[in-house]
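Positions are given from 1 along the sequence.
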Amino acid sequence: MDTESTESLVEAWRRILAPSGTSWVLFEHGTCVVLKEPADDLAGQALGILGEFGPVHVGSPAGDFNVLTLKDDLGWLVTSHHPDVVTHVALDEPVDPSHLAVGIHGRAKRHQDGTELRVVHVEDRRAAGD
């Protein structure tokens, strides 16, 4: 795992996504799949999405990203070509804090998560009975 522990990643994602009330699945290297329309099996749904949209293919939309700076020293979010696949990069991870370097670092983490497909946390925010 990168410099972030699973516990700190879960806490960061909880802080980031708390206002949305959305279910999400976290992968080993910090990539999160946000499930706006959750199925019965959240982990299985996220594995399918990340398996298809996680691996990077440079020169295609799968290589595209944007970098969003988070408030409260939470680091950055690196988006992907799928609107619900986002990777967290902590402040202490990149050697170079430029948006390009952070984006490339986050994209590499997404690729690693998209090829290894190791779920480390499932946050089920569905109301009971949904």
Side-chain angles (χ1 to χ4, degrees):
M1 179 156 228
D2 290 313
T3 57
E4 286 186 284
S5 69
T6 299
E7 295 80 24
S8 64
L9 275 169
V10 169
E11 183 55 34
W13 279 109
R14 281 185 176 146
R15 289 177 65 191
I16 293 163
L17 293 173
S20 73
T22 307
S23 295
W24 48 274
V25 176
L26 177 62
F27 290 81
E28 184 177 22
H29 302 285
T31 302
C32 182
V33 176
V34 180
L35 300 170
K36 294 176 184 161
E37 296 180 20
D40 290 336
D41 178 6
L42 299 178
Q45 183 181 7
L47 283 164
I49 292 169
L50 194 60
E52 181 176 350
F53 295 98
V56 174
H57 306 285
V58 177
S60 76
D64 293 347
F65 61 83
N66 284 309
V67 176
L68 307 169
T69 302
L70 297 168
K71 295 179 182 178
D72 301 324
D73 293 329
L74 283 176
W76 300 271
L77 292 181
V78 179
T79 67
S80 72
H81 61 301
H82 189 288
D84 300 325
V85 175
V86 186
T87 305
H88 181 260
V89 175
L91 288 175
D92 63 346
E93 285 185 71
V95 175
D96 174 0
S98 71
H99 273 214
L100 179 60
V102 169
I104 290 170
H105 181 76
R107 182 178 70 179
K109 289 173 59 166
R110 172 174 46 97
H111 179 76
Q112 200 169 4
D113 279 332
T115 54
E116 295 174 1
L117 296 173
R118 287 195 284 266
V119 172
V120 295
H121 181 80
V122 176
E123 188 85 3
D124 188 349
R125 305 300 304 274
R126 296 174 291 186
D130 282 356

Using atom types as modelled, flag every donor-acceptor pair under 3.5 Å from a side chain in residues 94-103 to any protein atom, sequence neighbours excluded.
unit_1: Asp96; atom_1: OD1; unit_2: Ser98; atom_2: N; d: 2.9
unit_1: Asp96; atom_1: OD1; unit_2: Ser98; atom_2: OG; d: 3.3
unit_1: Asp96; atom_1: OD2; unit_2: Ser98; atom_2: OG; d: 3.3
unit_1: Ser98; atom_1: OG; unit_2: Ala101; atom_2: N; d: 3.2
unit_1: His99; atom_1: NE2; unit_2: Thr69; atom_2: OG1; d: 3.2

Exercise. To the nearest 0.5 Å, how far apart are CD in Glu28 and CD in Glu116?
Worked result: 6.0 Å
Exercise. Below 4.5 Å, heavy atoms only, C-beta onward: do Asp72 and Arg15 meet side chain to side chain?
Worked result: yes
Problem set entry | Working for side chain to side chain contact (heavy atoms under 4.5 Å, CB included), residues Leu91 and Trp76 | CA-CA 7 Å; Leu91 288 175; Trp76 300 271; 3.9 Å; yes
Exercise. Under the side chain to side chain donor-acceptor pair (under 3.5 Å) test, which residues partner His111, sequence neighbours left out?
Worked result: none
For this session: List, by chain and number, the other hydrophobic cluster members for Val56, where Ile, Leu, Val, Met, Phe, Trp and Tyr join if side-chain heavy atoms come within less than 4.5 Å, directly or indirectly.
Result: Val58
Exercise. Out of curiosity, Leu77 CG to Leu70 CG, how far, rounded to the nearest 0.5 Å?
Worked result: 4.0 Å
Seminar exercise, completed: Between Phe27 and Leu47, the two heavy atoms sitting closest are CE2-CD2, 3.7 Å
For this session: Mind listing the closest non-hydrogen atom pair of Gly54 and Arg110 along with its distance?
Result: O-NH1, 3.1 Å
Exercise. Yes or no on side chain to side chain contact (heavy atoms under 4.5 Å, CB included) for His121 and Leu9, after CA distance, side-chain angles and deciding distance?
Worked result: CA-CA 9 Å; His121 181 80; Leu9 275 169; over 6 Å; no
Problem set entry | Minimum heavy-atom distance Phe53-His81, with the two atoms named | O-CE1, 3.0 Å
Exercise. So which heavy atom on Gly114 is nearest to which on Pro55, and how close?
Worked result: O-CG, 3.7 Å
Exercise. Leu35 and Thr22: which non-hydrogen atoms are nearest, and at how many Å?
Worked result: O-CG2, 3.4 Å
Exercise. Considering all heavy atoms of both residues, which atom of Val33 and which atom of Ala46 are nearest to each other, and what is their separation?
Worked result: CB-CB, 3.9 Å
For this session: Please step through side chain to side chain contact (heavy atoms under 4.5 Å, CB included) for the pair Cys32 and Leu17, ending with a clear verdict.
Result: CA-CA 10 Å; Cys32 182; Leu17 293 173; 4.0 Å; yes
For this session: Take the angle between the ring planes of Trp13 and His88 and call it parallel below 30°, perpendicular above 60°, tilted in between.
Result: perpendicular
Exercise. Atom CD1 of Ile16 and atom CD of Glu11: how far apart are they, to the nearest 0.5 Å?
Worked result: 10.0 Å
Exercise. Who are the side-chain contact (heavy atoms from CB on, under 4.5 Å) partners of Asp124, not counting sequence neighbours?
Worked result: Ser23, Leu42, Arg126
For this session: Using the side chain to side chain donor-acceptor pair (under 3.5 Å) rule, collect all pairs that involve residues 30-54, keeping only residues at least two apart or in two chains.
Result: Thr31-Thr87, Thr31-Asp113, Lys36-Asp84
Exercise. Which residues satisfy the side chain to side chain donor-acceptor pair (under 3.5 Å) test with Thr115, sequence neighbours excluded?
Worked result: none
